[in-house]
Amino acid sequence: MNAYCETEIKLYVPDLAAARARLEQANARLAAARVYERNVRYEDAGRTLTPAGIVVRLRQDTRVRLTYKGPANSSLAAAGIASRFEAEVEVSDFDAMHTILGKLGYTPYMIYEKYRTTYHLDDVEIALDELPYGHFIEIEGEAEAIERAAARLALADAPRFSASYAELFERVKQCLHLTFTDLTFANFAGIYVPASAFQP
């Protein structure tokens with residue numbers, strides 16, 4: 001696998017407990033226990049990154065990482081698979097990196113939060129993601145290995161998306177007529193998000 005290529009599927013799975021039970025039955029290995037993530041996406045002065053499908057992100061959980069993602073490979077999107085260039089580096093200080101990005105002309109575009117639990121199963125990485133608007137599973141690896149894992153976990157028929165969590169957020173905002181810009185648990189407190197809200 002190309003070290004700088006991320007290939008994954010994103011599945012809408014409201015019942016993460018059942019999925020976790022199937023992972024344990026399949027002898028999946030817990031790679032990282034449930035952890036809170038805070039992500040900040042940045043834009044340049046002309047706000048050209050998001051329209052071009054480019055992501056510059058600073059993430060903090062048990063460590064701090066700066067990530068660059070290129071535009072998605074459109075040829076795989078029809079199969080619900082997202083594949084794109086991704087390069088990531090660990091940094092020692094979130095606030096210092098945020099300051100550096102600001103000095104380079106980048107400003108925060110949105111904040112999004114989630115809780116993530118990570119497993120390894122055969123040749124794929126599986127993340128159970130709890131976001132403010134719903135629960136999802138990401139399976140990352142080679143395309144064939146992803147499909148095998150989805151079938152093994154009885155998730156082959158779960159709704160799948162090649163869109164990012166930020167893109168899904170835009171769909172939800174449009175569907176529910178929301179005006180806030182950050183995907184946080186506080187903003188979604190008391191808001192019911194139907195499965196149909198994620199559809200384009």
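Not measured: the values here are computed from a predicted model. One-based numbering along the sequence shown.
- Under 3.5 Å, the side chains of Glu43 and Thr50 contain a donor-acceptor pair of N or O atoms.
- Phe169 and Phe180 have parallel rings, their planes meeting at less than 30° on a 0 to 90° scale where 60° marks the start of perpendicular.
- In this structure, the side chains of Arg57 and Tyr68 stay at 4.5 Å or more apart for every pair of heavy atoms.
- Side-chain contact between Ile81 and Thr7: present, with at least one pair of heavy atoms (C-beta onward) separated by less than 4.5 Å.
- Glu6 contributes atom CD, which lies 9.0 Å from atom OG1 of Thr67 (distance to the nearest 0.5 angstrom).
- Checked against a 6.0 Å centroid threshold, the rings of Tyr115 and Tyr36 count as neighbours.
- The two residues Ala26 and Arg152 make their nearest non-hydrogen contact at O-NH2, 3.2 Å.
- Residue Tyr4 is grouped with residue Val56 when hydrophobic side chains (ILVMFWY) are merged at heavy-atom distances under 4.5 angstrom, including chains of intermediate members.
- Criterion: ILVMFWY side-chain heavy atoms under 4.5 Å apart, direct or through other members. Under it, Leu104 and Val64 are part of a common hydrophobic cluster.
- We find that Arg34 and Glu130 are joined by a salt bridge, their nearest charged nitrogen and carboxylate oxygen being less than 4.0 Å apart.
- Residue Ile146 comes nearest to Val124 through the heavy atom pair N-CG1, 3.9 Å, listed as atom of the first residue, atom of the second, then distance.
- Cluster membership for Val40 and Val89, using ILVMFWY side-chain heavy atoms within less than 4.5 angstrom, is shared.
- Taking all atoms of both residues into account, the shortest heavy-atom contact from Pro14 to His135 is O-ND1, 3.2 Å.
- In this structure, OG1 on Thr179 lies 12.0 Å from NE2 on His177, to the nearest 0.5 angstrom.
- When all heavy atoms are compared, the tightest approach of Ala163 to Leu168 is CB-CD2, 4.0 Å.
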**Prompt:** Would Phe188 and Val193 count as a side chain to side chain contact (heavy atoms under 4.5 Å, CB included) if you check the C-alpha gap in whole Å, the side-chain angles of each, and the deciding distance to 0.1 Å?
**Reply:** CA-CA 9 Å; Phe188 273 89; Val193 180; 3.8 Å; yes

**Request:** Applying side chain to side chain contact (heavy atoms under 4.5 Å, CB included), run through Glu167 and Glu170 and close with a yes or a no.
**Result:** CA-CA 5 Å; Glu167 290 169 319; Glu170 291 303 319; 5.7 Å; no

**Request:** Apply side chain to side chain contact (heavy atoms under 4.5 Å, CB included) to the pair Arg65 and Phe94, showing each step before the final yes or no.
**Result:** CA-CA 8 Å; Arg65 285 163 284 170; Phe94 185 99; over 6 Å; no

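- Between Arg160 and Glu147 there is a salt bridge, since at least one side-chain N of the basic residue sits less than 4.0 Å from a carboxylate O of the acidic one.
- Using a 4.5 Å heavy-atom threshold, the side chains of Ile137 and Asp129 count as separate.
- Pairing each heavy atom of Ala82 with each of Ser162, the nearest pair is CB-O, 3.6 Å.
- Closest heavy-atom contact between Pro71 and Arg84: O-CB, 3.6 Å.
- Between Tyr12 and Phe198, a ring centre-to-centre spacing shorter than 6.0 Å is recorded.
- Sparse packing is recorded around CG of Asp157, with 12 or fewer heavy atoms of other residues, nucleotides or ligands lying under 6.0 Å away.
- Looking only at distances, no side-chain donor or acceptor of Arg38 sits under 3.5 Å from a matching main-chain atom of Glu113.
- Between Leu128 and Tyr119, the closest side-chain pair of non-hydrogen atoms falls below 4.5 Å.
- The closest side-chain heavy-atom distance from Ile191 to Leu178 is below 4.5 Å.
- Note on Tyr109: it clusters hydrophobically with Val172, by side-chain heavy-atom contacts below 4.5 Å among ILVMFWY residues.
- The neighbour count for Glu90 CD, taken as heavy atoms of other residues, nucleotides or ligands under 6.0 Å away, is above 12.
- Leu58 is not listed as a side-chain neighbour of Gln60, based on a closest heavy-atom distance of 4.5 Å or more.
- Side-chain contact between Leu155 and Val13 is present, with heavy atoms from C-beta onward closer than 4.5 Å.
- Heavy-atom contacts from other residues, nucleotides or ligands closer than 6.0 Å to CD of Glu24 number more than 12.
- Under the 4.5 Å side-chain criterion, counting only non-hydrogen atoms from C-beta, Tyr106 is in contact with Leu49.
- The distance from atom SG of Cys5 to atom CD of Glu140, rounded to the nearest 0.5 Å, is 9.0 Å.
- In this structure, the side chain of Asp182 engages the main chain of Ile111 through a donor-acceptor pair within 3.5 Å.
- Within the model, atoms CG of Leu23 and CZ of Arg20 stand 8.5 Å from one another, a figure rounded to the nearest 0.5 Å.
- Taken together through direct or relayed side-chain contacts under 4.5 Å among Ile, Leu, Val, Met, Phe, Trp and Tyr, Leu131 and Phe185 form parts of separate hydrophobic clusters.
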**Message:** I'd like to know whether Arg41 forms a side chain to side chain contact (heavy atoms under 4.5 Å, CB included) with Val55, so could you lay out the CA-CA distance, the side-chain angles of the two residues, the decisive distance to 0.1 Å, and finally the verdict.
**Reply:** CA-CA 7 Å; Arg41 279 185 59 164; Val55 174; 3.6 Å; yes

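- To the nearest 0.5 Å, the span separating CD1 on Ile126 from CZ on Arg29 amounts to 12.0 Å.
- Ring-plane geometry between Tyr133 and Phe136 is classed as perpendicular, the angle between the planes exceeding 60 degrees on a 0 to 90 degree scale with a lower cut at 30.
- Using a 4.0 Å cut-off between charged nitrogen and carboxylate oxygen, Arg116 and Glu138 count as a salt-bridge pair.
- In this structure, Tyr112 places its OH atom where more than 12 heavy-atom neighbours from other residues, nucleotides or ligands lie under 6.0 Å away.
- Listed for the Arg22 side chain is a donor-acceptor partner under 3.5 Å among the backbone atoms of Leu153.
- Lys10 forms a cation-pi arrangement with Tyr165, by the criterion of a distance under 6.0 Å to the ring centre and an angle within 45° of the ring axis.
- Taking CG from Leu101 and CG from Leu66, the interatomic distance works out to 5.5 Å, rounded to the nearest 0.5 Å.
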